[in-house]
Amino acid sequence: MPRLHMHVTDAAEAPLRVALHELRGRLEIPDHFPPTAQAEAESAARAPRIPAADGAVATEHTLEDATDLPLFTLDPPGSLDLDQAMFLSRRPGRGSSGSKTGGYRVHYAIADVASFVTPGGALDAEAHHRVTTLYFPDERVPLYPYALSEGAASLLPDRDRPAVLWQLDLDADGALTDVRVRRALVRSRAKLDYAGVQRILDDGTAEEPLALLREIGLLREELEVARGAISLNVPEQEIVEEEGCYRLEYRAPLPAYGWNAQLSLLTGMAAAELMLASGTGILRTLPTAPDGSVARLRLTARALGVDWPHHTSYAALIRALDPRRPAHAAFLQECTALLRGAGYTAFDGTAPPGHEALHAAVAAPYAHATAPLRRLVDRYTSELCLAASAGVDAPSWVRRALAALPREMELGTQRANQVERACVDLVEAALLRDRIGEVFEGLVVEIQETDPTHGTVHLVDPAVIGPVEAAPEGPALPLGRRIPVRLTEAEPGHRPVRFTAA
């Protein structure tokens with residue numbers, strides 16, 4: 001998922017949309033699938049080839065029938081690439097008085113992309129080239145053709161779909177007690193969005209399967225705090241045009257978004273444990289953030305007026321922030337910089353030692369498992385977990401791919417980060433294009449070690465970060481201090497914002 005969740009309103013058509021279109025051309029972002037890959041996708045959409053446990057090919061008619069589960073999806077409005085569907089229930093033993101004598105059962109269905117992509121085929125090769133869906137403020141470039149990602153493989157409502165079905169049993173405190181993974185035919189009953197779900201949860205009209213989203217989500221959040229993990233409620237940025245000028249509006253994520261994310265985290269943590277126990281798998285890993293990164297964030301907090309007492313840990317601060325406040329929202333955007341050291345660790349035969357298997361933000365082993373329509377590695381995670389749950393060896397095509405997957409994912413992530421950075425540069429330039437020569441107040445959050453006259457400044461308002469250089473014949477930039485800076489460049493799609501100390 002990109003660091004900045006940006007999207008352009010219908011009003012902000014030009015020149016920003018034109019610049020975004022030109023950006024995709026400069027970055028050589030594909031605007032279509034190769035004919036052979038597209039043909040494979042359309043053929044698979046008509047007749048999926050479902051892998052069987054013995055390596056043969058099954059059909060939808062031989063799959064376990066789980067269409068009686070009243071699953072539902074929860075996504076942003078308008079989304080059609082639906083990776084997950086869920087059904088939540090209480091386990092026997094929990095009394096009506098609410099006493100903690102029982103627990104919960106989470107059925108979590110994941111789109112079964114392996115049933116539509118033939119290993120070694122043209123579509124598989126194109127997926128390994130693209131690696132991830134790329135997100136731009138105005139559109140997305142999908143990992144798989146729309147015939148699959150928004151059609152036959154998507155868990156759309158009222159359609160029978162092959163899926164990887166997780167059964168996750170939790171105790172009364174929300175802790176995982178048992179996991180089962182299998183292939184099944186599923187049928188989602190409803191396509192829900194966050195605002196609608198939040199509304200009925202708040203007014204008390206939600207039926208139990210949906211009401212349990214809040215109950216389980218809150219319990220999982222408590223466990224997250226207890227293990228010292230961090231969840232960033234990064235707000236969306238909406239780019240709005242008014243009278244020829246642009247501005248950014250922050251949209252804070254609803255609590256329902258966080259509760260839904262907890263179920264995805266739960267599944268990813270369960271996937272990691274399954275693969276570690278089997279000795280074959282691929283993990284998403286993140287080392288502990290270096291002290292310098294946290295120190296830079298402290299400077300950014302100062303620039304934005306975010307109170308960060310020295311005795312307060314980073315994790316505690318994040319939980320105390322209100323993403324509805326613009327300064328807090330901007331700071332949360334910058335906090336994602338600590339996630340940039342994330343990578344992938346593959347293993348086959350010997351599981352990595354504990355410290356190498358850890359994801360520092362999750363504070364536990366973790367794997368990408370719940371977004372196979374948008375991320376290449378999740379298709380392999382599903383197959384590895386199916387094999388581990390059944391107590392059999394992983395398919396040979398999966399094991400052959402393991403060694404190369406971390407590097408492929410790294411390159412794909414770098415491409416996504418490049419897209420993200422270019423989009424940020426473009427949007428910031430669009431915001432400030434008519435303010436060349438204007439003086440802003442900003443805080444110097446970084447200076448170059450080899451040249452203290454060049455560094456990075458974080459404006460107080462608007463919340464823009466850009467390169468800054470000292471005034472000619474002026475002193476070196478003062479790290480950690482507020483200074484007036486003059487905007488010298490801002491041309492969308494051509495020159496990102498730049499400042500000079502005023």
Side-chain angles (χ1 to χ4, degrees), residues 2-5 224-235 237 248 250 252-253 258 286-342 358-363 417 420-421 424-425 428 440-470 475-485 496-502:
R3 181 173 70 95
L4 294 177
H5 308 284
E224 182 176 74
V225 171
R227 68 176 186 269
I230 300 167
S231 281
L232 292 177
N233 292 319
V234 181
Q237 286 183 302
L248 278 179
Y250 286 112
L286 176 69
T288 302
D291 292 340
S293 298
V294 178
R296 185 182 185 279
L297 277 179
R298 283 193 174 275
L299 293 176
T300 303
R302 284 178 53 193
L304 294 169
V306 174
D307 183 27
W308 187 352
H310 279 284
H311 64 272
T312 301
S313 70
Y314 171 66
L317 174 72
I318 294 302
R319 290 191 291 273
L321 295 179
D322 181 356
R324 293 169 297 182
R325 297 174 58 182
H328 288 193
F331 183 71
L332 283 166
Q333 298 279 10
E334 296 310 311
C335 286
T336 57
L338 297 189
L339 305 180
R340 292 304 178 92
L358 189 68
H359 191 290
V362 179
N417 289 340
E420 174 192 300
R421 184 63 253 173
V424 172
D425 287 345
E428 289 179 341
F440 300 84
E441 183 182 13
L443 185 114
V444 180
V445 295
E446 190 175 48
I447 59 172
Q448 295 181 11
E449 291 184 8
T450 57
D451 184 0
T453 65
H454 288 74
T456 304
V457 67
H458 195 309
L459 301 191
V460 175
D461 184 33
V464 167
I465 295 178
V468 62
E469 61 183 69
L477 295 170
L479 181 64
R481 290 180 55 188
R482 292 194 184 199
I483 62 171
V485 294
V497 296
R498 297 188 67 87
F499 300 91
T500 299

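Residues: numbered from 1 along the sequence shown.
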I'd like to check [X] versus [Y] (side-chain heavy atoms, cut-off strictly below 4.5 Å). Are they in contact?
| X | Y | answer |
| --- | --- | --- |
| Val424 | Ile465 | no |
| Leu286 | His359 | yes |
| Leu477 | Gln448 | no |
| Arg298 | His310 | yes |

What heavy-atom pair brings [X] and [Y] nearest, and what distance separates the two atoms?
| X | Y | result |
| --- | --- | --- |
| Pro475 | Ala470 | O-CB, 3.2 Å |
| Cys335 | Ile318 | SG-CD1, 3.5 Å |
| Arg482 | Gly305 | NH2-N, 4.3 Å |
| Leu358 | Ala363 | CD1-C, 3.7 Å |
| Arg319 | Ala229 | NH1-O, 3.5 Å |

- Quickly, which of Leu443, Val464, Val468 forms a side-chain contact (heavy atoms from CB on, under 4.5 Å) with Leu459? Name it, please.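 Single pass found, and it is Val464.
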
- Query: Quick one: which of Leu479, Leu297, Thr300 gives a side-chain contact (heavy atoms from CB on, under 4.5 Å) with Val445?
  - Reply: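 Considering Leu479, Leu297, Thr300, a side-chain contact (heavy atoms from CB on, under 4.5 Å) with Val445 is found only for Thr300.
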
- Query: If only atom types and distance count, is the side chain of His328 paired as donor or acceptor with the main-chain N or O of Asp322 below 3.5 Å?
  - Reply: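 Yes, because the side chain of His328 sits within donor-acceptor range (under 3.5 Å) of the backbone of Asp322.
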
- May I ask you to decide if the ring planes of Phe331 and Trp308 are parallel, tilted or perpendicular, using 30° and 60° as cut-offs? perpendicular

